[in-house]
Q: 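After the structure tokens below, expect a handful of questions from me.
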Amino acid sequence: NYGTLSEAVAAAENGATVTLLADASGAGVVIDKDITIDFGGKTYTVNEAVGSTGTVTLGFQILKGHDVTLKGGTLTSAVAVNGSNQIKMLIQNYSNLTVTDMNLVGTNENIQYVLSNNSGEIEVNGATSITTDAVAFDVYDYSSAGYAVPSMTVNTTGIIKGSIEVSETATLAISGGTFTVEIDEKWCAEGFTPAKVGDSYTVGKLPNAEVK
């Protein structure tokens, strides 16, 4: 048992699972290994940013070259206890990342991005929801800095509230979810198409489509 989530992640062996035992708050988390964080239905609130020198603005910083899973709970942020360490990105990701049955909440007034993906293969599934007035997620080609172009799939029964940004050379394939912004047809997985339902947007299977 550890007092903070960041301590538990730092101490975990490569490939381990860290489980949140109660609602908690604390500093952000730097992930530099293969790991699963099981939130266990609990909420972790980041109140102090982490990040690289000069850009300490992140809740979770997931470094490249790893397989990371976040599942089963809520991740959010509060105004930083250290005024200079404000959280502007809830998660910045450079690895293969799976987000399952999570609520990612970016309602802190300083948040600019909730889930920012600059490399790796990213999968958002289960009943994952993202809530923000800023950018819910992006898929950004950062290959100019030596990173692999990211590829993201979204197949959730949850709600994505917030805008979406996708680089021309990055890949986004949506096959499920309810969105508060219009979905570009080129963002849909093969065999799927966007549709407007009331004030929201969904992605549905094309009639007789062979879905791969």
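When reading the values below, keep in mind they use all heavy atoms of this one structure, side chains included, and skip hydrogens, waters and symmetry mates.
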Q: Check Val18 against Ala8 and note the closest heavy-atom contact, atom names and distance.
A: CG1-CB, 3.8 Å
Q: Using the rule given for side-chain contact (heavy atoms from CB on, under 4.5 Å), can you reason through Asp133 versus Thr107, listing the C-alpha separation, both sets of side-chain angles and the distance that settles it, and then say yes or no?
A: CA-CA 7 Å; Asp133 291 326; Thr107 53; over 6 Å; no
Q: Return the set of residues passing salt bridge (charged side-chain N to carboxylate O under 4.0 Å, His left out) with Lys42 (not counting sequence neighbours), or none when no residue passes.
A: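 Not a single residue meets the salt bridge (charged side-chain N to carboxylate O under 4.0 Å, His left out) criterion with Lys42.
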Q: Give a yes or no on whether Tyr201 atom OH has more than 12 heavy-atom contacts from other residues, nucleotides or ligands under 6.0 Å away.
A: yes
Q: Write down the atom of Ala148, the atom of Ser119, and the distance for their closest heavy-atom approach.
A: O-OG, 2.9 Å
Q: Over all heavy atoms of both residues, which pair between Ala11 and Tyr2 is shortest? Give the atoms and the distance, please.
A: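 Closest pair (atom of Ala11, atom of Tyr2, distance): CB-OH, 3.3 Å.
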Q: Counting C-beta onward and ignoring hydrogens, is there a side-chain heavy-atom pair between Val46 and Phe60 closer than 4.5 Å?
A: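 Yes, at least one pair of side-chain atoms sits under 4.5 Å.
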Q: For the OG1 atom of Thr156 and the CG atom of Asp101, what is their distance to the nearest 0.5 Å?
A: 8.0 Å
Q: Rounded to the nearest 0.5 Å, what separation is found between the NZ atom of Lys71 and the OG1 atom of Thr128?
A: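 Here the rounded value is 12.0 Å.
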Q: Check whether Ile31 and Val124 end up in the same hydrophobic cluster, where Ile, Leu, Val, Met, Phe, Trp and Tyr are linked by side-chain heavy atoms less than 4.5 Å apart.
A: yes
Q: Check whether any side-chain N or O of Lys64 sits under 3.5 Å from a backbone N or O of His66 as a donor-acceptor pair, and report yes or no.
A: no
Q: Run the side chain to side chain donor-acceptor pair (under 3.5 Å) check on Gln61 and Ser52 step by step: do they pass?
A: CA-CA 9 Å; Gln61 182 185 35; Ser52 303; 3.2 Å; yes
Q: Rounded at 0.5 Å granularity, tell me how far CG in Leu5 sits from CD1 in Ile37.
A: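 Spacing of CG (Leu5) from CD1 (Ile37) equals 5.0 Å.
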Q: To the nearest 0.5 Å, tell me how far Asn93 CG sits from Ser116 OG.
A: 8.5 Å
Q: Less than 4.5 Å apart, side chain to side chain, heavy atoms only: is that true for Cys188 and Thr193?
A: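 Not in contact.
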Q: Thr202 side chain to Thr178 main-chain N or O, any donor-acceptor pair under 3.5 Å?
A: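 It does not hold such a pair.
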Q: Using only atom types and a distance under 3.5 Å, with no angle test, would you say the side chain of Asn110 pairs donor to acceptor with the backbone of Lys88?
A: no
Q: Check whether any side-chain heavy atom of Gln86 sits under 4.5 Å from a side-chain heavy atom of Thr57, and report yes or no.
A: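 Answer no - side chains too far apart.
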Q: Take atom CG of Asp23 as the centre, draw a 6.0 Å sphere, and report whether it contains more than 12 heavy atoms from other residues, nucleotides or ligands.
A: yes
Q: According to a hydrophobic-cluster definition based on side-chain heavy atoms being under 4.5 Å apart (Ile, Leu, Val, Met, Phe, Trp, Tyr only), do Leu115 and Val29 belong together?
A: yes
Q: Does a side-chain heavy-atom distance below 4.5 Å link Val154 with Phe179?
A: yes
Q: Is it possible for you to say whether Ile160 and Phe192 belong to one hydrophobic cluster, with membership spreading through side-chain heavy-atom contacts below 4.5 Å?
A: yes
Q: Could you state the interatomic distance from NZ (Lys205) to OG (Ser175), rounded to the nearest 0.5 Å?
A: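 One finds 9.5 Å between NZ of Lys205 and OG of Ser175.
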Q: Between Val99 and Ile130, is there a side-chain heavy-atom distance shorter than 4.5 Å?
A: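 They are not in side-chain contact.
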Q: Yes or no on side-chain contact (heavy atoms from CB on, under 4.5 Å) for Thr98 and Asn125, after CA distance, side-chain angles and deciding distance?
A: CA-CA 8 Å; Thr98 301; Asn125 59 28; 4.0 Å; yes
Q: Quick one: does Thr180's side chain have a donor or acceptor within less than 3.5 Å of a partner on Gly162's backbone?
A: yes
Q: Is a donor on one side and an acceptor on the other found under 3.5 Å between the side chain of Thr76 and the backbone of Thr45?
A: no
Q: Check whether Tyr113 and Trp187 end up in the same hydrophobic cluster, where Ile, Leu, Val, Met, Phe, Trp and Tyr are linked by side-chain heavy atoms less than 4.5 Å apart.
A: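 Result: no, two separate clusters.
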Q: Examine distances only and state if a side-chain atom of Ser129 and a backbone atom of Ile159 form a donor-acceptor pair shorter than 3.5 Å.
A: yes
Q: Is there side-chain contact between Leu172 and Phe137, with heavy atoms separated by less than 4.5 Å?
A: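 Side-chain contact under 4.5 Å: yes.
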Q: So, Lys33 side chain and Ala10 main chain: donor-acceptor pair closer than 3.5 Å or not?
A: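 Indeed, once roles are kept as given, a pair shorter than 3.5 Å links the two residues.
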Q: Would you name the heavy atoms of Ile87 and Leu58 that are closest together and state the gap between them?
A: CG2-C, 4.2 Å
Q: Has the side chain of Asn117 got a donor or acceptor atom that lies under 3.5 Å from a matching backbone atom of Asp138?
A: yes
Q: Tell me whether Ile62 is reachable from Ile111 by hopping between hydrophobic residues (I, L, V, M, F, W, Y) whose side-chain heavy atoms are closer than 4.5 Å.
A: yes
Q: Any side-chain to backbone donor/acceptor pair from Thr153 onto Glu123? Under 3.5 Å, distance only.
A: no
Q: Give the intermediate values and the outcome of side chain to side chain donor-acceptor pair (under 3.5 Å) for residues Thr4 and Ser6.
A: CA-CA 5 Å; Thr4 68; Ser6 57; 3.2 Å; yes
Q: Check whether any side-chain heavy atom of Leu70 sits under 4.5 Å from a side-chain heavy atom of Phe39, and report yes or no.
A: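 Side-chain contact under 4.5 Å: yes.
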Q: Are any non-hydrogen side-chain atoms of Asn103 and Thr131 less than 4.5 angstrom apart?
A: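 The answer is no; the side chains never approach within 4.5 Å.
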Q: Which word best sums up how the rings of Tyr147 and Tyr94 line up, parallel for under 30°, tilted for 30 to 60°, or perpendicular for over 60°?
A: tilted
Q: Check for a donor-acceptor pair, side chain of Ser95 on one end and backbone N or O of Gly65 on the other, with a separation under 3.5 Å.
A: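 Indeed, once roles are kept as given, a pair shorter than 3.5 Å links the two residues.
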Q: Considering all heavy atoms of both residues, which atom of Asn96 and which atom of Glu121 are nearest to each other, and what is their separation?
A: OD1-N, 2.9 Å
Q: Taking all non-hydrogen atoms of both residues into account, name the closest pair between Met102 and Gly72 and its distance.
A: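 Between these two residues, the closest heavy atoms are SD-N, 3.6 Å.
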